[in-house]
Protein chains: 2
Amino acid sequence: MTTLQRVAERAGVSTATVSKVLSNTPYFTEETRRKVMEAVEELGYVPNLAARALSSGRTHIIAVVFPQIFDAIFTDPFMLHLLEGVEAECHKQGYNMLMSTPRLSSQGFDAHYQQLIQSGYADGIVALDNIPARSVLQIAHERELPAVGIGYHDNKYHVRSDDISGATQIMQHVLELGHRQIGIISVAEELNFSVRRRLNGLRSTAEKFNMDFNAFPQAEGDFSINSGARAAGELLNTHPEITAVICLNDRMAMGAIQQARALGRSIPENLTIVGYDDIPSAAVFAPPLTTINQQAPEIGRAATRMLFEVIDGGNPHPVNVPPVLIVRQSSAPPLESPRA
Amino acid sequence: MTTLQRVAERAGVSTATVSKVLSNTPYFTEETRRKVMEAVEELGYVPNLAARALSSGRTHIIAVVFPQIFDAIFTDPFMLHLLEGVEAECHKQGYNMLMSTPRLSSQGFDAHYQQLIQSGYADGIVALDNIPARSVLQIAHERELPAVGIGYHDNKYHVRSDDISGATQIMQHVLELGHRQIGIISVAEELNFSVRRRLNGLRSTAEKFNMDFNAFPQAEGDFSINSGARAAGELLNTHPEITAVICLNDRMAMGAIQQARALGRSIPENLTIVGYDDIPSAAVFAPPLTTINQQAPEIGRAATRMLFEVIDGGNPHPVNVPPVLIVRQSSAPPLESPRA
DNA sequence: TAAAAATAGTTAAGCGCTTAACTATTGCGA
DNA sequence: TCGCAATAGTTAAGCGCTTAACTATTTTTA
């Protein structure tokens, strides 16, 4: 490994001058710059980043943190898309990403994660902060490490998907198709921060159409395909008059479709079913799902840009990323619908 | 931030003694250990890992490298599952993962990736090494950085999915169902290393059943859903007698199913269609796909264990991870089949 | 014309940790 | 009982880089 010292000898200047030229710190002549850059090129010099990190106090590494509950993160394509956005911004700024996937126990997040945060390895953190019981960024705040949360924890610097807007769009879509007998497959609010906001978006949109949201029949699932099937079964048995079902995520929508079919309904001809999240399976499902896409890459990009601003001493505003309605073949007007 | 120096002062010993106790290097008394550990706990000491990396020459970070072609990696769940396996082994050994997703241009992999490899930040690399045109690990070999490749490049240390075994299992499954009129949806061999081996596995299994593989009608796709649909259309138009189609991946199988349906075939009753890879959509497709699961988490684990062995000076053997046949509802015996 | 400011390059110290070499003491074996 | 080996702890140097402070020269301003 070639050192800065050897570059300095080759260029006939001090190591401080080499450092100055490489970091573009004033003052040096064009001749000095030429001599240094020639030596760098001839020797194939690449800086030792651990040394640079130690002396400058800056690593140009950010930690990307996805907390693990039930190992779900490694099966969730949302994670990959967040990562895509984070990576794109890191690449632009010459930063590297250190992955951390902490496990929560009764004593808090595991020791390995705690050590990483305090290790001096990362200039800052972007974290998916979505476990209601505990914020994964608390330890970063205690250490005054720059941090941006993705999700609903009360972090000063955060990026969120605008679940109210997403729910508004999906409810509006269903109502504009002419549906009035609408079932809701919901989830217990303690499981996930976004549930309340999705329900609020559905409610406020129904009210704009002068409909009483509380009169819509509801059944409860737990985000899984099976729970969606069970909930759809309940709804269709107790409310056979419904012409549409809004599910709070895609997997429950898939289960609902399977169950509705088993109960003799055809989709979407006499029952419209819509989901939320636009997981990859949604597009290839039969029929392809109408759903809400959260634009995870853009969330990842916005969070990372925000973190760089915090690291550079800025004080950026929180960001809400608007989701996008994706209309596919699982939704259609009801058969006897008077178009409103 | 508390330093080792302050711990030494608190415990009343030298910094070298603190370092010794923390690394369990001989020799120290039980009394000295107690004094040091008390000081560590009272001061909440956490080592600065950049300093440790600089002086010891070891970071306890490995680089996890997924080369980018056409941004496909951020939509491929296989990546997430590899990462799952790598992360599990890193967690066990107290290592951290530095993600790198280099881009290939005509001049080779990008400068950011090259700097990362030479930076002293990573003790070693686990890389998905699957671009036929160029090995992502060449630069690591030049720098004598410990490296393990996942895939078919000729790396000394590598882990591969046993594509021959996977293809053997899927062909055997189709033949044991009684199919003899079998179409193959293939891919040009230059696109991906695994194609030849999958075809070889299919061929050798057919020969074991005394069948001439070259007599099976073939059409070519490019791994995409659309190409699968086109290829299936060709096959069914020129060979309407076929009772099964083997596709070299799941997405082509999905396209083939959609096209076969459009051409009046029911799946699997009068046409069995099978895929390869067990992507998440396979399980929720209609009908759920019979396919081959590559056990990506186990590949990630094996590669990471191998890297730790190389870092510690060992000389491990390459590993082939056996895929698993997943039978679902897209395959069934042919209607007029004499069970062989 | 003299003083102040800017330019250019260097010296010196240090970032926090590791560990080889050294020193002193104790224990073991012949 | 003496010499060698093991134990215990310390000293000293260094890993590769950054940058504040310093020094010398040139340029600008009043």
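A, B, ... follow the sequence lines: proteins, then strands. Residue 1 opens every chain.
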Any base atoms under 4.0 Å from [X], or only sugar-phosphate, or nothing? Heavy atoms, all strands.
{"X": "Ser23(A)", "result": "nothing"}
{"X": "Thr25(B)", "result": "nothing"}
{"X": "Thr3(B)", "result": "sugar-phosphate"}
{"X": "Pro26(A)", "result": "nothing"}

Tell me which nucleotide among [options] gets nearest to the side chain of [X].
{"X": "Ser56(B)", "options": "dT19(D), dG16(D), dT19(C)", "answer": "dT19(C)"}
{"X": "Thr29(A)", "options": "dT10(D), dA8(C), dC17(D)", "answer": "dA8(C)"}
{"X": "Ser55(B)", "options": "dT19(D), dG14(D), dT19(C)", "answer": "dG14(D)"}

[X] [atom1] to [N] [atom2], straight-line distance once rounded to whole Å:
{"X": "Glu9(B)", "N": "dT10(D)", "atom1": "CD", "atom2": "C1'", "answer": "15 Å"}
{"X": "Leu4(B)", "N": "dC15(C)", "atom1": "CG", "atom2": "C1'", "answer": "14 Å"}
{"X": "Arg6(B)", "N": "dG16(C)", "atom1": "CZ", "atom2": "P", "answer": "12 Å"}
{"X": "Gln5(A)", "N": "dG14(D)", "atom1": "CD", "atom2": "C1'", "answer": "13 Å"}
{"X": "Arg33(A)", "N": "dA8(C)", "atom1": "CZ", "atom2": "P", "answer": "12 Å"}
{"X": "Phe28(A)", "N": "dA8(C)", "atom1": "CZ", "atom2": "C1'", "answer": "11 Å"}
{"X": "Lys20(B)", "N": "dA21(C)", "atom1": "NZ", "atom2": "P", "answer": "14 Å"}
{"X": "Leu54(B)", "N": "dT19(C)", "atom1": "CG", "atom2": "C1'", "answer": "14 Å"}

Position toward the 5' end of DNA chain C (nearest nucleotide), Asn48(B) or Ala16(A):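 Taking each residue's closest nucleotide, the earlier one in sequence belongs to Ala16(A).
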
Ala51(B) vs Thr17(B), nearer the 5' end of DNA chain C by closest nucleotide: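 This one resolves to Ala51(B).
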
Salt bridge or not between [X] and [Y]? Use side-chain N to carboxylate O under 4.0 Å.
{"X": "Arg305(B)", "Y": "Glu298(B)", "answer": "yes"}
{"X": "Arg34(B)", "Y": "Glu38(B)", "answer": "yes"}
{"X": "Glu89(B)", "Y": "Lys92(B)", "answer": "yes"}
{"X": "Arg58(A)", "Y": "Asp312(A)", "answer": "yes"}

OP1 or OP2 of dA8(D) under 4.0 Å from side-chain N/O of Tyr27(B):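 Negative; the distance criterion is not met.
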
Tyr45(B) side chain near dC17(C) phosphate (N/O to OP1/OP2, under 4.0 Å):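 Affirmative; the distance criterion is met.
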
Given DNA chain D, 5'-ward residue of the pair Thr32(B) and Val18(A), judged by closest heavy atom: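 The answer here is Thr32(B).
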
List the atom pairs, donor and acceptor, that lie under 3.5 Å between side-chain atoms in residues 136-146 of chain B and the rest of the protein, sequence neighbours left out.
from, atom 1, to, atom 2, distance (Å)
Gln138(B), NE2, Glu142(B), OE2, 3.4
His141(B), NE2, Asn155(B), OD1, 2.9
Arg143(B), NH1, Gln118(B), OE1, 3.1
Arg143(B), NH2, Gln118(B), OE1, 3.1

